Amino acid sequence: MYEGPVQDLIDELGRLPGVGPKSAQRIAFHLLAAEPADISRLQEVLQKVKEGVVFCQVCGNVSEEQTCRICRDARRDPTVVCVVEEPKDVVAVEKTREFKGRYHVLGGALDPLSGIGPDQLRIRELLGRIGSDDIKEIILATDPNTEGEATATYLVRMLRDFPGLTVTRLASGLPMGGDLEFADELTLGRALSGRRTV
Amino acid sequence: MYVRHLQVVDFRSWEHADLSFDPGVSVFVGRNGQGKTNLVEAIGYVATLGSHRVATDAPLVRMGCARSVVRTAVVNAGRELLVELEITPGKANRARVNRGPVPRSRDVLGILRTVLFAPEDLALVRGDPGERRRFLDDLLVARAPRYAGVRSDYERVLRQRGALLKTAGSARRAGGSGDIRTLEVWDGHLAAHGAQLLAGRLDLVADLGPLVSAAYAGVAPESRPAEIRYRCSLGESLPEGYGVPGGPRADIASLEAALLTELARVRPQEIERGVSLVGPHRDDLELVLGAAPAKGYASHGESWSFALALRLGAYELLRDDGAEPVLVLDDVFAELDRRRRQQLAKVAAAAEQVLVTAAVAEDVPEELAGARYEVHEGEVNRVG
C-alpha cells in the first residue's frame, strides 16, 4: 500500500478494463514522473470525452455532433444498415472499406445475466428507422457468441414483418490466411453449411 | 497411448516433480498425505481439464502460488506430443502443444485420454444425478472433443435463460407482467444446443450399456444383472428406441423439435418457479440392478461393483474407438474385496499403461507388478 493520493490513483486505474494491479502501479508512477503539461492535456481529453461526446441521434454511434459523421455523409447508401453491438464494431467494419451503407449501434447484446433485455438496447430506434427511412437491407453483425446469436435471432423475429426488407447475417467461417487443418470443428462445420456456389 | 513424461510445478502439494514412465504398470507407493494422488490428478487434468476431486481449479495451485504448470509428453501410436497447461484460478488456462500456443485450452482435449478409478467413484452410484451427467459428458468429450464446445455453449444458454426466467418470475410475483419477450429466442437456442448434447448422450448410452452390463457380470458374477438407462426430461416425447442398445441413432432435428414442444408445454411452471425444467441438465443415468434402482437398494459391495463396471465399460468403449486410454487406479485396491481386485487387475494388466497409487504395496495385486515409485515428503523416486 502506498500513501494517500498515489494509492487512490492506483485503485482508480485498476478499475479500468484490462488493467491489473501491476499495470495500474506502473501507469501511476509513469504519471507521477510525467511533465505537468502532459498531465493537463490528459486531464483535458478526459474531461472532453465525458462532456463533448454525444451519441448520434440516428445510429447511436459516438459522435461530436447530434448526428455522426457517417449518418451525415450523403455519399453513404441509406438503404443498407449494418446492425452492430458497440461503437468499436463500427470501427472494425469501417476498416474493411467494403461497406458503403450506414450503421445502427445497439449498445450491447441480450444478456439476462446482466439484466440487459430488448428495452436496454436501441431496438425500438432501429424499428423506427426502418419504418420511416427507405431501408431495404439490414445486415445483422452482432458477435458470433451465445449473446450475439440470441440478439440476432430476436431481431430476425422483429424484422420479418416488414414487407420488402431483406435481413442478412454476417457469414461465419474460416479466417483468411488460415489453414483448413487448424480450424476447430465448430468453425469448419459452419463454414461447410454456409458454403456458396462459385 | 501412454504418458512418457510428467512434470509439475506448484501443483497441489508439489513444488516440483519430474517423472519418466515406461508403458505398462507404474505403482506409486507412499503413506497418506504424501501427494500420490496429486500426481495422477495432474495427468487426469491434462486429459479432461478438470479434477476428479474438486470442481474448481483453485485447490490445484500450491498454497501461496499464483499458478501451476503441468507438462506431459504423450505417446500415441509411436508419435509423441508435448502438452503444457498453465492453470491460473479465476482466469482462462493457457495451453501449448509441442511448445506452440493453442488458441483455447480445450484444444488439447483428445490428445491424452484417461480412465480414472478413484474412491470418489462411489458417488456415481450413490450421489446426485449431476455426478452421472458429468460422467457421461466427460466420456462424450473424451470420445469426441467437439462436445466440449457443445457442453459449454449449452451451459451458457442455460444460465442466460435461467436469469431471464428468474427476473420474470419475481416481477410477476410482485404484481408486474415480467418481460418474457425474448424467452422464445432462448428456447430456440436451448433446444438447438440441448438437442446436440442429448443426441450425443443417447448414442453414448446405447454404446456403453452392453459394455457396462458385461463388466458388472465379470466383477460380481453372483449378483443380479446390471443395466444402465438414460432417463430424459422429455419423458414420453423421447422417440422410441433412442439410447437403447441396437436402437436407432438419435436424430438431432427431431430431438430439437421435441424439446421445443416440451418447452412450450411447461412454460407456465418455468416462469412460476424461475428455472429451466426441460433439457439435458435435468436428465439422469439410471443404474438398475435386477428390477430395482441401484441407488438406495444396492448394498455397499454392489454399489462398488457398479461404479467399477461403469469405469470398465468406459475403458472398453474408448479402447474400441481406437486409441487405448491410460488407466489410472487411484487408491482403489484398498476398497475392493479379493474377487473385484482380481477382476480389475486382469483388465489392468492388459492395458498399454496403468498408473496405480496405493498406501501400502501389499494392496496391489501381484498381476500389477511393475515399475515402483516411492513418494515421500515431497520427493518421488523410482525404486524398482
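The structure displayed is predicted, hence computed values, not measured ones. In what follows, chains carry the letters A, B, and so on, assigned in the order in which the sequence lines appear, proteins first and then strands, with residues in each chain numbered from 1.
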Checking B:R161 against chain A: side chain, backbone, both or neither under 4.5 Å from a heavy atom? neither

So does A:Q7 have more than 12 non-hydrogen atoms from other groups sitting under 6.0 Å from CD? yes

Within the supplied structure, the quantity of interest is the number of heavy atoms (other residues, nucleotides, ligands) at a distance under 6.0 Å from B:R94 CZ; does it exceed 12? no

Inspect the surroundings of CZ in A:R26 and state if more than 12 heavy atoms from other residues, nucleotides or ligands are less than 6.0 Å away. no

The reported gap from CH2 in B:W186 to OG1 in A:T146 (rounded to nearest 0.5 angstrom) is 7.0 Å

Residues in residues 153-163 of chain A that sit under 4.5 Å from chain B, counting heavy atoms only: A:T153, A:Y154, A:R157

Mind checking the CZ-CD spacing from B:R156 to A:E149? Nearest 0.5 Å is all I need. 13.5 Å

Part of residues 82-120 of chain A lying next to chain B, heavy-atom separation under 4.5 Å: A:L110, A:D111, A:P112, A:L113, A:P118, A:D119

